[in-house]
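Atom set for the values below is all heavy atoms of this structure, side chains included, hydrogens, waters and symmetry mates excluded.
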Amino acid sequence: MSRRILLFILLPLFLLSGCGYNSLQLKEERVLQAWADIEATLQRRADLIPNIVETVKGYAAHERETLEAVVNARAKATSVNLSPGDLSDAQAMNRLQEAQGGLSSALSRLMVVVERYPDLKANQNFLDLQNQLEGTENRINVARQRYNQAVGEFNAAIRKFPYNLTNNFLLHLDRKEYFEAEEGARQVPQVSFE
């Protein structure tokens, strides 16, 4: 009698583990973790920007318009947040990418301003901040690649047999959205020495 009860309890557990129940949840957790890594690096960039702006202000007071654009873009970028539930929402992902793209554009304009001021380029504080910003941009890129890899594995898993049955009947997990390049990123940058 007790063997039947034990078998009755263990059989569903064995079937669930063989059909990808745990594996699908593990893959979704990897997607969420990869997204959290992106958010952490975006926050690092947002935290660095006020320091950069203050450093530049001291040397380029008459470039106020550019500096204000950076501050405004930072404020806009940090106001758009995604919850883990939004990772399946393409529109929410687009809003975040647009806001982050605006910030990247404003930072690019700031770097052009910096090129005009040799004193600023030689300032050690600014060089340190510029190096940190460059490192942050590299971290953001790596985090985006890892996120897309985790999303690819997850999306493929929920479509594969027998995991698709487990997902359709038990878990009901949604497909996750990839982090895509901005529209302007597909154009070849123009290099000019004039």
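Heavy-atom minimum distance, Val70 versus Ala106: CG2-O, 3.5 Å. The two atoms that bring Tyr147 and Phe179 nearest to each other are CE2-N, 3.9 Å, heavy atoms only. Counting all heavy atoms, side chain and backbone alike, Tyr21 lies closest to Leu170 at CD1-CD1, 3.9 Å. For Arg175 against Phe154, the heavy-atom pair with the smallest separation is CA-CE2, 4.5 Å. For the pair Glu177 and Val151, the tightest heavy-atom approach, listed with the atom from each and the gap, is O-CG2, 4.0 Å.
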Stepwise side-chain hydrogen bond (donor to acceptor under 3.5 Å, both in side chains) check, Arg109 with Ser105: CA-CA 6 Å; Arg109 288 193 303 270; Ser105 176; 3.1 Å; yes

Side chain to side chain contact (heavy atoms under 4.5 Å, CB included) between Met93 and Leu82, worked out: CA-CA 8 Å; Met93 289 289 286; Leu82 291 184; 3.4 Å; yes

Criterion side chain to side chain contact (heavy atoms under 4.5 Å, CB included) on Arg45 and Leu107, from CA distance to verdict: CA-CA 11 Å; Arg45 177 169 70 171; Leu107 286 173; 4.1 Å; yes

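For the atom pair CD of Gln145 and CG of Asn141, the computed distance is 4.5 Å after rounding to the nearest 0.5 Å. In this structure, Asn148 CG and Lys176 NZ are separated by 14.0 Å, a value rounded to the nearest 0.5 Å. The line from CD of Gln100 to CG of Leu103 is 6.0 Å long, rounded to the nearest 0.5 Å. Within the model, atoms OG1 of Thr136 and CD of Gln43 stand 11.5 Å from one another, a figure rounded to the nearest 0.5 Å. Taking CG from Leu165 and CZ from Phe161, the interatomic distance works out to 5.0 Å, rounded to the nearest 0.5 Å. Interatomic distance, Lys27 NZ to Asn155 CG, rounded to the nearest 0.5 Å: 11.0 Å.
Just one residue in the list Ile158, Leu171, Asn22 forms a side chain to side chain contact (heavy atoms under 4.5 Å, CB included) with Thr166, and that residue is Leu171.
Judged purely by distance below 3.5 Å, without hydrogens or angles, the side chains of Glu134 and Asn138 never pair a donor atom with an acceptor atom. In summary, the side chains of Gln132 and Arg44 do not present any donor paired with an acceptor at a separation below 3.5 Å, with no hydrogens or angles considered. With no hydrogens or angles considered, no side-chain donor-acceptor pair links Ser79 and Arg74 at under 3.5 Å.
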May I have the list of side-chain donor-acceptor pairs in residues 29-38 shorter than 3.5 Å, sequence neighbours left out?
unit_1, atom_1, unit_2, atom_2, d
Trp35, NE1, Glu39, OE2, 3.1

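When the side chains of ILVMFWY residues are joined at heavy-atom separations under 4.5 Å, either directly or via intervening members, Leu67 and Val71 end up in a single hydrophobic cluster. By the rule that hydrophobic residues join a cluster once side-chain heavy atoms approach within less than 4.5 Å of another member, Met111 and Ile49 end up as members of one cluster.
Using a 4.5 Å cut-off on side-chain heavy atoms (C-beta onward), Leu133 and Glu137 make contact.
Here Glu68 pairs with Arg64 under the side-chain hydrogen bond (donor to acceptor under 3.5 Å, both in side chains) rule; sequence neighbours left out.
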